[in-house]
Structures are given as structure tokens and as C-alpha cells.
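All remarks here apply to the structure that follows.
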Amino acid sequence: MKHLIDILDLTTEEIDELIVTANDIAANPDKYATKLTGKVLATLFFEPSTRTRLSFEAAMLELGGSVLGFSEASSSSAAKGESVADTTRVVGCYADIIAMRHPKEGAPVVAARKAGVPVINAGDGGHNHPTQTLADLLTIWRKKHTFNNLTVGLCGDLKFGRTVHSLVEAMARYEGVKFVFISPEELKIPRYIITDVLEPLGIPYEEVYNMEDVMSDLDILYMTRVQGERFFNEADYIRLRDTYILTPEKLVPAKEDLVIMHPLPRVNEISVKVDDDPRACYFDQVLNGKYMRMALILKLLEVTV
Ligand code: CP
């Protein structure tokens, strides 16, 4: 049985297949409308979410399936002390596939061992968020028609931003990719990403503080929210949260075909004045996420498309 815990659980060929399926779903939704009739998706969200949970639910409904689940730990028996292992073993009796978000890193691995059905990591702590990366990859593909030879700037909270970690793992597998990590010292990309992902493959990267210094080099600019919920000290969060605010003025030196991305939710990292810039793709990511989650559910349930 296949699960999706880390983006590296999918080969580049499998990601290509998902992109083909997602594009076909977008073009021919009626063809897929009854593919999962009688199947049930459980969304177990122990942390808040708008996009990920609702896009999983929309994805399953648009495939003809049904959904059940909870959107906060306090409305489940986790509030009484039930373990992730027991919760997922129970839910595996009711559902054919599970999407789970949890504040503890590694919780989806525990779930996958016990559920008896495929488990999808919908975000685990500050670790990984592989289905956001699928949304991001489809967005990049639709704009650039390649993943090769891109200079990818990632800006903001690179320490706790799980979408960043998954996207770097994914993009590191393509030829000619360079990374520019833009962050304050306290929110730098974790060392394991450098030592375990980039250095073994000889992938070039630089770490900078000023967005303005590198803006003209970038093909992709991936903005992120400072993850206040992962800070131990509120004063540090308040000090760091507005370090980067993307404005039309800061985009003046940027390439005409720059792709501006953000996994959302946005707090203050991108001025709403940027929203009408044709290079702003963060709401495209939302819709692309639904298509990729539809393709992923079909794949994990081994449904022929
Ligand atoms: N991008 C993302 O994970 O958004 P939500 O937290 O709203 O699911």
C-alpha cells in the first residue's frame, strides 16, 4: 500500500503522471465525476486549515466520493488522550483513504503504520507538506513548462515553513536548479536541508538577508508567512513577522516572467497591491492544489484514469 508522507515518496515520473492527470481533470471534469462513487475520504485535522482540508474534501466530492472527519483535535477523542495510532486505526475502519494534519512532526508516519488504508500527510508540524508541493509544482509547470534551469528564491520563515522544505526536496531533483534562501538569521533553512538534500547532489544555493539584492536573478519567488504558532517566544515572532513585505516597488527589478508564489494563508508578506500583477500566482496555487489532490487520491486508491 502506498502512502504520501514525504514528497520523495513520489518519483519524478509519478509527479509527471499526476500533472498529466491533474491537467486532464481540469479540462474534462465530467470524465472523473463518478470515479470514486462509494469511496470515503477521512480528513483528520489536528491543526487549523482552510485550503488543505477543504481542497481534499472538494477533490473527493468532485470524484463522486464522500467525506467524513474532524477539523480540530478538540472535537475528537484526542482531547481525551487517544493516541494518533489508535485514532487512525479506528478511522481506517470507516474510510478508504485518510488525509491527516498534525502539529507533531512524524505523526503521519505513525498513522500510516496503523491505518490499514493509504495515509496522506496534509502537513506535520514544521516538517513537510507534500500536497502543497504538488500544488506548487503544477503551478510552476503551467507557467514555465519545465522544472529545469530555474532560480528559485524562497523568502521568509524557512525554518518552520514546512512547504519550503518539501518544495526544496522536490525541486532539487531537477537539472540546473539553483536556490536562493532569503531569511533573517533566526529563520534560516534547516541545516539538514543543506547537508542531506543539497550538498550530496552538488546543488548551488546562497543564503541572503535582503530580498532586493537578488530580485532580478529569480525565476520563482516563493514568499512565506512567519509561523507564529511554532515560536516559543511571542516577542521574537512580533519582531520577525514583518521582515519581508513584497510590494510593487520591490518588484521593479524582477523578471517579466517571474512566478510569485505563496502557499497561503498570507498575513502581511505580500501587499494586496501585488495581487493584480499578472505574475502573482498564489491564488492559482489554490485551484491547482485541488486538481493535484484529485489526481493523488485516484493514484493512491489505484483507480485507472
Ligand atoms: N497552504 C495551506 O496549507 O493552507 P491551510 O493551512 O489553509 O491548509
Side-chain angles (χ1 to χ4, degrees), residues 4-7 18 22 41-62 67 69-76 97-105 107-108 111 119-140 142 152 154-171 187 220-231 237 241 244 246 259-270 274-275 280-297:
L4 180 65
I5 305 301
D6 188 298
I7 195 66
L18 291 177
L41 165 78
T43 51
L44 310 185
F45 276 61
F46 297 84
E47 261 195 349
S49 167
T50 296
R51 275 146 295 275
T52 310
R53 185 173 64 84
L54 295 181
S55 69
F56 265 116
E57 296 188 1
M60 192 63 177
L61 294 172
E62 290 183 29
V67 296
F70 52 82
S71 58
E72 50 188 47
S74 61
S75 65
S76 77
I97 185 164
I98 294 171
M100 192 180 87
R101 171 171 290 187
H102 201 284
K104 285 199 180 148
E105 303 181 355
V119 171
I120 301 169
N121 177 4
D124 62 328
H127 187 218
N128 276 324
H129 193 345
T131 64
Q132 178 63 49
T133 298
L134 293 178
D136 300 341
L137 291 174
L138 180 57
T139 305
I140 294 170
R142 285 183 162 192
V152 182
L154 300 113
C155 179
D157 185 349
L158 310 186
K159 178 180 180 183
F160 296 117
R162 57 194 174 197
T163 66
V164 167
H165 308 156
S166 293
L167 184 60
V168 173
E169 281 189 346
M171 290 298 293
L187 299 177
I220 311 284
L221 173 58
Y222 195 92
M223 299 296 296
T224 62
R225 174 179 68 92
V226 175
Q227 309 267 306
E229 65 273 34
R230 315 241 180 261
F231 277 66
Y237 168 64
R241 65 183 173 188
Y244 303 104
L246 186 65
V259 178
I260 305 168
M261 303 176 72
H262 191 308
L264 305 180
R266 155 178 63 180
V267 180
N268 204 25
E269 309 78 48
I270 302 181
V274 177
D275 293 0
C281 295
Y282 25 95
F283 291 105
D284 298 345
Q285 286 166 264
V286 175
L287 188 55
N288 290 337
K290 184 184 73 172
Y291 295 136
M292 283 301 258
R293 289 180 177 107
M294 290 171 81
L296 177 68
I297 293 168

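Counting starts at 1 for both ligands and their atoms, following the listed order.
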Note every protein N or O atom lying under 3.5 Å from an N or O atom of ligand 1, pairing the names and giving the distance.
{"residue": "ligand 1", "atom": "1 (N)", "partner": "Gln132", "partner atom": "OE1", "Å": "3.0"}
{"residue": "ligand 1", "atom": "1 (N)", "partner": "Pro263", "partner atom": "O", "Å": "2.9"}
{"residue": "ligand 1", "atom": "1 (N)", "partner": "Leu264", "partner atom": "O", "Å": "2.9"}
{"residue": "ligand 1", "atom": "3 (O)", "partner": "Thr52", "partner atom": "OG1", "Å": "2.9"}
{"residue": "ligand 1", "atom": "3 (O)", "partner": "Arg101", "partner atom": "NH2", "Å": "3.0"}
{"residue": "ligand 1", "atom": "3 (O)", "partner": "His129", "partner atom": "NE2", "Å": "2.9"}
{"residue": "ligand 1", "atom": "4 (O)", "partner": "Arg51", "partner atom": "NE", "Å": "3.0"}
{"residue": "ligand 1", "atom": "4 (O)", "partner": "Leu264", "partner atom": "O", "Å": "3.4"}
{"residue": "ligand 1", "atom": "6 (O)", "partner": "Arg101", "partner atom": "NH1", "Å": "2.9"}
{"residue": "ligand 1", "atom": "7 (O)", "partner": "Thr50", "partner atom": "N", "Å": "2.7"}
{"residue": "ligand 1", "atom": "7 (O)", "partner": "Arg51", "partner atom": "N", "Å": "3.0"}
{"residue": "ligand 1", "atom": "7 (O)", "partner": "Arg51", "partner atom": "NE", "Å": "3.3"}
{"residue": "ligand 1", "atom": "7 (O)", "partner": "Arg51", "partner atom": "NH2", "Å": "2.9"}
{"residue": "ligand 1", "atom": "8 (O)", "partner": "Ser49", "partner atom": "OG", "Å": "2.6"}
{"residue": "ligand 1", "atom": "8 (O)", "partner": "Thr52", "partner atom": "N", "Å": "2.9"}
{"residue": "ligand 1", "atom": "8 (O)", "partner": "Thr52", "partner atom": "OG1", "Å": "2.6"}
{"residue": "ligand 1", "atom": "8 (O)", "partner": "Arg101", "partner atom": "NH1", "Å": "3.4"}
{"residue": "ligand 1", "atom": "8 (O)", "partner": "Arg101", "partner atom": "NH2", "Å": "3.3"}

Check: How about His129 and Pro263: do any of their side-chain heavy atoms sit closer than 4.5 Å?
Finding: no
Notebook entry, point to check: Which residues pass the salt bridge (charged side-chain N to carboxylate O under 4.0 Å, His left out) test with Glu169, sequence neighbours left out?
Noted result: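 Once residues adjacent in sequence are excluded, Glu169 has no partner under the salt bridge (charged side-chain N to carboxylate O under 4.0 Å, His left out) criterion.
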Checklist line | salt bridge (charged side-chain N to carboxylate O under 4.0 Å, His left out) partners of Arg230, counting only residues at least two apart | finding: Glu47
Margin query: Pair Gln132, Gln285 - check side-chain contact (heavy atoms from CB on, under 4.5 Å), show working.
Written below: CA-CA 8 Å; Gln132 178 63 49; Gln285 286 166 264; 3.8 Å; yes
Note to self: Just to verify, what does Asp284 make a side-chain hydrogen bond (donor to acceptor under 3.5 Å, both in side chains) with, not counting sequence neighbours?
What the structure shows: none
Check: Does Phe56 have Arg293 sitting over its ring (NZ/CZ under 6.0 Å from centre, angle to axis within 45°)?
Finding: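 Yes, cation above the ring, under 6.0 Å and within 45°.
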